[in-house]
Number of protein chains: 2
Amino acid sequence: MEVTTVDNQAAEIQAKAKKIIASRANATGLCPVRDILGRIGDKWSMLAILHLGSTDSLRFSELRKRIDGISQRMLTVTLRTLETDGLVTRTVYAEVPPRVEYALTGLGQGLLGVVIPMGSWANAHAPAIAEARQRVAAA
Amino acid sequence: MEVTTVDNQAAEIQAKAKKIIASRANATGLCPVRDILGRIGDKWSMLAILHLGSTDSLRFSELRKRIDGISQRMLTVTLRTLETDGLVTRTVYAEVPPRVEYALTGLGQGLLGVVIPMGSWANAHAPAIAEARQRVAAA
DNA sequence: CCGCATCCGAGATGATACTG
DNA sequence: CAGTATCATCTCGGATGCGG
């Protein structure tokens, strides 16, 4: 066989892509891929997951300081959604003043695991994409 | 050292998450992670990439048939954006009737490589997330 | 066949002010 | 400190009709 390793990988990737596409319309009537993307694809979810993933747990105000530009409202909404999806835990301490800690669940850590490669890729190839945009803008 | 392999991996993941977060405000003034997510996080880009990744190339009408529910307008807009970012190529054949072929660039295939694990994860854990939502809805 | 331009509604996002 | 409530805004995406 004269098939190279690269060709094998390429074929394998095509096969995986087909498989993912094929998995449309599950029980909820929505393609899982689009569903998940709809969540982490919003403006803040992924950042929240990355920040929570970079430590063990964070409280509300600390998270807000770290996620630059997020409003109080959107942080609340984002965290609630992530909690609903079972990706983060929310722990309230009955103290004065109140304290609320957020942390990733096992599920959330799993998602973090697949999100990180994407973040790394984004960092690595941001220059290439910026360059491609320049080229078009110049034309 | 009594540190387990799992603990090592966890620590490594935290470190990677920190690294990704730290890379904010590049030349374009935008965090690369948010930038990329803004692209593939929209309603159709990721599906287009997956479909293009499952074959060698596709023409406009074929792509439209495969991506269920997409409007002509959004397919055009999505493909143009991907082209601008250097993720897909657009080849026009001067025939009657016209024919336009789309295919992933090397950059696009790289993105496909990190997107597929996410798709696989989404498929694998969609039930868990659905269950988490049920639990909240019941409460 | 392929794609652009225009209009428009829905949902996401943001600013601000107010509570336990 | 950690939200909730309300209102204003803004972008996305869909429908439609025209052009190459």
Inset, instruction - Could you please spell out the steps behind the side-chain contact (heavy atoms from CB on, under 4.5 Å) verdict for B/M118 and B/V114? - result: CA-CA 7 Å; B/M118 210 165 75; B/V114 298; over 6 Å; no
Where [X] and [Y] come nearest, the two heavy atoms and their spacing:
{"X": "B/T55", "Y": "B/L58", "answer": "OG1-CG, 3.5 Å"}
{"X": "B/G53", "Y": "B/L112", "answer": "CA-CD2, 3.6 Å"}
{"X": "B/L107", "Y": "B/G86", "answer": "CB-O, 3.6 Å"}
{"X": "A/A48", "Y": "A/L82", "answer": "CB-CD1, 4.1 Å"}
{"X": "A/D68", "Y": "B/R34", "answer": "O-NH1, 4.2 Å"}

Legend entry - Donor-acceptor pair, side chain of A/T105 and main chain of A/L87, under 3.5 angstrom: yes
Inset, instruction - Quick one: list whatever passes side-chain contact (heavy atoms from CB on, under 4.5 Å) with B/R90, sequence neighbours left out. - result: B/R80, B/E83, B/V92, B/V100, B/Y102
Inset, instruction - Using the test side-chain contact (heavy atoms from CB on, under 4.5 Å), find all partners of B/Q109 that sit at least two apart in sequence or belong to another chain. - result: B/L104
Inset, instruction - Tell me which residues in residues 52-62 of chain A put a heavy atom below 4.0 Å from DNA chain D, sorted by number, or none. - result: A/R59, A/F60, A/S61
Rounded to the nearest Å, what distance is computed from the [atom1] atom of residue [X] to the [atom2] atom of nucleotide [N]?
{"X": "A/I67", "N": "D/dA2", "atom1": "CD1", "atom2": "P", "result": "14 Å"}
{"X": "A/L47", "N": "C/dT13", "atom1": "CG", "atom2": "P", "result": "12 Å"}
{"X": "B/L82", "N": "C/dG3", "atom1": "CG", "atom2": "C1'", "result": "16 Å"}
{"X": "A/L75", "N": "D/dG3", "atom1": "CG", "atom2": "P", "result": "8 Å"}

Legend entry - Residues in contact with DNA chain C, drawn from residues 83-101 of chain A - heavy-atom cutoff 4.0 Å: A/P98
Legend entry - Degree of bending, the helix from C/dC1-D/dG20 to C/dG20-D/dC1 (end axes from five pairs; round to 10°): 50°
Inset, instruction - Test A/L111 against every option in A/I116, A/I40, A/D85 by the side-chain contact (heavy atoms from CB on, under 4.5 Å) rule and name the one that passes. - result: A/I40
Inset, instruction - Remember a base hit wins even if backbone is also touched, and classify A/R80 as base, sugar-phosphate or nothing at under 4.0 Å, heavy atoms. - result: sugar-phosphate
Inset, instruction - Please check if any side-chain donor atom of B/Q14 sits under 3.5 Å from a side-chain acceptor atom of A/S54, or the reverse. - result: no
Inset, instruction - Using distance alone, with no hydrogens and no angle criterion, decide if A/N123 and A/S120 have a side-chain donor and acceptor under 3.5 Å apart. - result: no
Could I get a table of every N or O pair under 3.5 Å where one atom is in the protein and the other is in nucleotides 14-16 of chain D?
unit_1, atom_1, unit_2, atom_2, d
D/dG14, OP1, B/K43, NZ, 3.0
D/dG14, N7, B/R73, NE, 3.2
D/dG14, O6, B/R73, NE, 3.1

Legend entry - B/Y102 vs C/dG3: side-chain N/O to OP1/OP2 distance below 4.0 Å: yes
Inset, instruction - May I ask you to test the B/T78-B/R39 pair for a side-chain heavy-atom distance under 4.5 Å? - result: no
